[in-house]
Participant: 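Structure below; questions to follow.
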Amino acid sequence: MIWALLLSLPVLACAAVLAALLARRDAPGRAPGGETLRFQLVGYPAQRVDEALARLDAQIAANDLRLRGGPEEGAPAESGDETAYEAVAASEETASPTTTVADAAGAADRTRRIDWGTADLVVVAAYVGTALHVLSNLVGKVSTGYLSQGVQDHQAFEWYFGASAHNVATFSNPLFSDRQNFPDGVNLMANAAVTGLGVPFAPITLVLGAHVTFFVVELLGLAGTAAAWYWFLRRRGLVRPAAAVGGWVTGFAPAMVSHANGHPNFVSLFLLPVILDRVLRLAERDRRVRDGVVLGLLVTWQIFIGEEPLLLMAIGVLVVGLVLLAHRRLDVARMAPGVAIGAAVSLVLVAVPLWWQFAGRQSYTSIYHPPGGNDLAALWGRATRTIGTDPWASAALSMNRTEENAFFGIPLWLLAGVIVVVLARRPVVQALGVLAVVACWLSLGEEVVLRGQPTGIPALWSLFDGLPVLENVLPTRFAMIAIPALAGLLAIGIDAAFRSSLLRGSGADEGDETARDGTRARREQAVGWAAVAVSAMALLPILPTPLVVDPRPAVPTFFTGDAWRDWSHGGSILAVPPTDIVDARAFDWQLAADTLAFPIVEGYFVGPNGQPDRGGQYGATRRPFSLWLYDVNAANTLTVANDAQRQQFEADLVAWRTDTVVLPMREQTAALRDSLVTVLGEPQQVEDVYVWDVRGLRS
């Protein structure tokens, strides 16, 4: 905390200097000759009007922001274009008095199509390098190590990738799997199964394994999310350094690094900026059917990757949209037909999967979550996987290591605040500022808690926590909506700095202006790179460190070879102790043995609790045999089963349709082995496991 505050001092000093430079737009400037400069977007000679307007399409020409003060002032405005190109036009704050409509048209065209060059590839390479840095401890250990701070989430998502690949290979229902919790199975749509990535990556999973797929998805998810937002910001016309910084924040903010511990569904957010860009295009063009269909397809794909991130983005878009509507900068009527087409396309494609999710086999209504709001101090605190932090102090402010969804640091908040104040006249800046505040306010949960102590102050989430769908969202995750908001503010601030020298024109004639182009360009670069340096300093407290990787329990050679095939005959294998939320080692057994070739008993998933209300729960409803094995494992002492228990346990094995009970040979499993002997008799030793053949119980 102390060094973060000290770091804030130079950030504030540099930001104040930049603010003073940029603030000169608000006061009437004077040229050396004494003539007062007027800061307006369009200040072109009247004789050039017809020539300039000829280079604009109907939407750009009608934009009232670009024509403010011009001879066509009464032309109807297309507010959708204003919104889409707000950062390009930069309003009155960033334009030169000599800017022509033709220049504005060229800038607008560049936002529609970005030609990628070497510099852009360097930016993307930097994102890939950062992602490799975050995952560096996993490089070369994808099958022998795991992200231990995610508990069992790493293994769970590898299993989901394996389930998708198994369904593809066997032409099975892609929305369901019976490879765990046999024979009842798992509703994949009702779980975060990332089917939208598991199916496309199925060839990699089948050839190289789910461990490799998980690593590749995490790597491309982090880097791809950053690259997608970079592309989006460049499409809005922001200069490359501004877009690069903004993209980096969206891809490697503490929340993204935290979820990389085992939540690829919250890491692979590369479709969200593409969806947002498509929505904005509906306000810019008349190709509503084509753009609407594409929008629907993108939304559908995102639903199969992760529904919750899409919901969070929709809430963020709603907040920003309301602010822009208040400024009359959003033409909802123009966008509505395309959005409706997109919604219809998506609804047709996901109607059956959504029905399956909420009413299909092994579906459930809702699942209880304990209060999961952010500690207020987490908003400006330091995450555990950031440079120079105290991980124990950081851990005290969050639910767990995969849900550090805030932790923006003091310098970033200060710099964002300066940008909001200096560029407050821009509606888009106001909208992003409001979004950051509202998102963080929602993330506090029902009651504001400061450093673990309830304050008694109700938070905004208390108004919405009982609403359908929203009731299943962890409030802490609303802070993730603030990530693109803060990234956008930084990018707009840097972009304004790069354009700041245009605000201080000399007032000379066109010849003098041409002669001074070199000086002005150098001034632009100096101010812009100073803003980049200030942003880099503000981002130092959130610079990520590599994720923690620990060794996996070794997979028995019984499963890495072919020995298991002699003991699997279409029924399940009961791993001892049974698979659950804290012990998912059997997932590695399945993945090693020909990608989920055999099913297992129970597991780690979300399914119905077996009650009439069909509430959700983590893991299976445990049978007596499973509970007994759990108790024996916890006590680590010999427990003798009586006759009544043996009869019940045999009935459980029949219900599970179990072929084989498998116990790895380890010193710490001696009590389990001896206890199982009182139930099933002496086992057979096959390679490095004890095996009980229980198929005869079903005859």
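Note that these values count all heavy atoms, side chains included, but never hydrogens, waters or copies made by symmetry.
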Participant: Could you tell me if Arg234 sits above the aromatic ring of Phe232, with its cationic atom closer than 6.0 Å to the ring centre and no more than 45 degrees from the axis?
Facilitator: no
Participant: Spell out, as yes or no, whether a donor-acceptor pair under 3.5 Å connects the side chain of Arg382 to the backbone of Pro541.
Facilitator: yes
Participant: Does the side chain of Gln430 reach to within under 4.5 Å of the side chain of His327, using non-hydrogen atoms?
Facilitator: yes
Participant: Is any side-chain heavy atom of Thr225 closer than 4.5 Å to one of Leu272?
Facilitator: no
Participant: Is the backbone of Thr386 close enough, under 3.5 Å, to the side chain of Thr389 for a donor and an acceptor to pair up by distance?
Facilitator: no
Participant: Apply the test side-chain contact (heavy atoms from CB on, under 4.5 Å) to residues Gln302 and Ile305: give CA-CA distance (whole Å), side-chain angles for both, the deciding distance (0.1 Å), then the verdict.
Facilitator: CA-CA 5 Å; Gln302 178 58 47; Ile305 295 176; 4.2 Å; yes
Participant: Going by heavy atoms in the side chains, are Leu271 and Leu310 under 4.5 Å from each other?
Facilitator: no
Participant: So, Arg240 and Asp120, do they make that salt bridge, N to O below 4.0 Å?
Facilitator: yes
Participant: Just jot down the side-chain hydrogen bond (donor to acceptor under 3.5 Å, both in side chains) partners of Thr384, sequence neighbours excluded, or say none.
Facilitator: Glu404
Participant: Looking only at non-hydrogen atoms, find the nearest pair between Pro544 and His133 and report the distance.
Facilitator: O-NE2, 2.9 Å
Participant: With sequence neighbours left out, what residues match Glu307 under side-chain hydrogen bond (donor to acceptor under 3.5 Å, both in side chains)?
Facilitator: Gln357
Participant: So, the side chain of Ser394 versus the backbone of Pro391: is there a donor-acceptor pair under 3.5 Å, distance only?
Facilitator: no
Participant: Specify whether Phe408 and Trp413 have parallel, tilted or perpendicular ring planes, treating 30° as the upper limit for parallel and 60° as the lower limit for perpendicular.
Facilitator: perpendicular
Participant: Is it true that a side-chain atom of Asp495 and a backbone atom of Val239 form a donor plus acceptor pair closer than 3.5 Å?
Facilitator: yes
Participant: Identify, with sequence neighbours excluded, every residue that meets side-chain hydrogen bond (donor to acceptor under 3.5 Å, both in side chains) alongside Glu447.
Facilitator: none
Participant: Would you say the side chain of Arg401 lies within less than 4.5 Å of the side chain of Val548, judging by non-hydrogen atoms?
Facilitator: no
Participant: Look only at the side chain of Ser258 and the backbone of Pro254, and say whether a donor-acceptor pair between them is shorter than 3.5 Å.
Facilitator: no
Participant: Test: side chain to side chain donor-acceptor pair (under 3.5 Å). Region: residues 480-492. Which pairs qualify, not counting sequence neighbours?
Facilitator: none
Participant: Would you say the side-chain atoms of Ser268 pair up with the backbone N or O of Asn265, donor to acceptor, closer than 3.5 Å?
Facilitator: no
Participant: Are Trp529 and Phe498 close enough that their ring centres sit under 6.0 Å apart?
Facilitator: yes
Participant: Using modelled atom types and a 3.5 Å cut-off, is there a donor and acceptor pairing between side-chain atoms of Ser443 and backbone atoms of Pro475?
Facilitator: no
Participant: Would you confirm whether Ser462, through its side chain, and Pro458, through its main-chain N or O, come within 3.5 Å as a donor-acceptor pair?
Facilitator: no
Participant: Taking the side chain as every heavy atom from C-beta outward, state whether Val317 and Val279 have any atom pair closer than 4.5 Å.
Facilitator: no
Participant: Ring centres under 6.0 Å, that's the criterion: do Tyr230 and Trp116 meet it?
Facilitator: yes
Participant: side-chain hydrogen bond (donor to acceptor under 3.5 Å, both in side chains) with Thr476: which residues, sequence neighbours excluded?
Facilitator: Asn374, Asn405
Participant: Going by ring pair (Phe, Tyr, Trp, His ring centres under 6.0 Å), name the pairs with one or both residues in residues 425-465, residues two or more places apart or in two chains.
Facilitator: Trp461-Phe478
Participant: Apply side-chain contact (heavy atoms from CB on, under 4.5 Å) to the pair Val438 and Leu460, showing each step before the final yes or no.
Facilitator: CA-CA 8 Å; Val438 171; Leu460 186 61; 4.3 Å; yes
Participant: Determine whether Phe407 and Ile542 satisfy the following criterion, side-chain contact (heavy atoms from CB on, under 4.5 Å), listing intermediate values before the conclusion.
Facilitator: CA-CA 8 Å; Phe407 296 95; Ile542 68 171; over 6 Å; no
Participant: Considering only heavy atoms from C-beta outward, does the side chain of Leu379 approach that of Leu444 to under 4.5 Å?
Facilitator: yes
